[in-house]
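What you are looking at is a predicted structure, and each value in this text was computed from that prediction instead of being measured.
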Amino acid sequence: MDEELFTTLSVTILCSALIIYMGFIIYNLAKESKAGKYGTIVLFFVLGFGMLGFIAKEILSKVLLK
């Protein structure tokens, strides 16, 4: 396994794990603050917007490199 493949795999796997963990943190924050259904949706949308940017960057880079 060369360095480029290892870097690509580790970044993808570790960032995916981080995104899942941040989703758990947002859920826990909504639950502890008793945000309700609408507040939980707003929290996930606003705080998850940065994660969406990372996912979009990965998809665009895969599509444009083909």
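Under a hydrophobic-cluster definition in which Ile, Leu, Val, Met, Phe, Trp and Tyr are linked whenever side-chain heavy atoms come within less than 4.5 Å, directly or via other members, Phe6 and Val11 are assigned to different clusters. Connection of Ile20 to Phe44 is not established within any shared hydrophobic cluster, with ILVMFWY side chains joined at heavy-atom distances below 4.5 Å, either directly or through further cluster members. Ile55 and Val63 fall within a single hydrophobic cluster, where Ile, Leu, Val, Met, Phe, Trp and Tyr side chains are chained together by heavy-atom contacts under 4.5 Å. Both Met51 and Tyr27 belong to a common hydrophobic cluster when Ile, Leu, Val, Met, Phe, Trp and Tyr are linked at side-chain heavy-atom distances under 4.5 angstrom. One hydrophobic cluster, built from ILVMFWY side chains closer than 4.5 Å, cannot hold both Val42 and Leu29; they sit in different ones.
Atom-to-atom distance recorded for Lys34:NZ and Thr40:OG1 is 13.0 Å, nearest 0.5 angstrom. Between atom CD1 of residue Ile13 and atom CG of residue Leu18 there is a gap of 14.0 Å, rounded to the nearest 0.5 Å. In this structure, SG on Cys15 lies 15.5 Å from OH on Tyr21, to the nearest 0.5 angstrom. Separation of atoms CG (Leu52) and CZ (Phe45) is listed at 8.5 Å; rounding is to 0.5 Å. Residue Ile26 holds its CD1 atom at 4.5 Å from CG of Leu47, rounded to the nearest 0.5 Å. To the nearest 0.5 angstrom, Leu43 atom CG is 11.5 Å from Asn28 atom CG.
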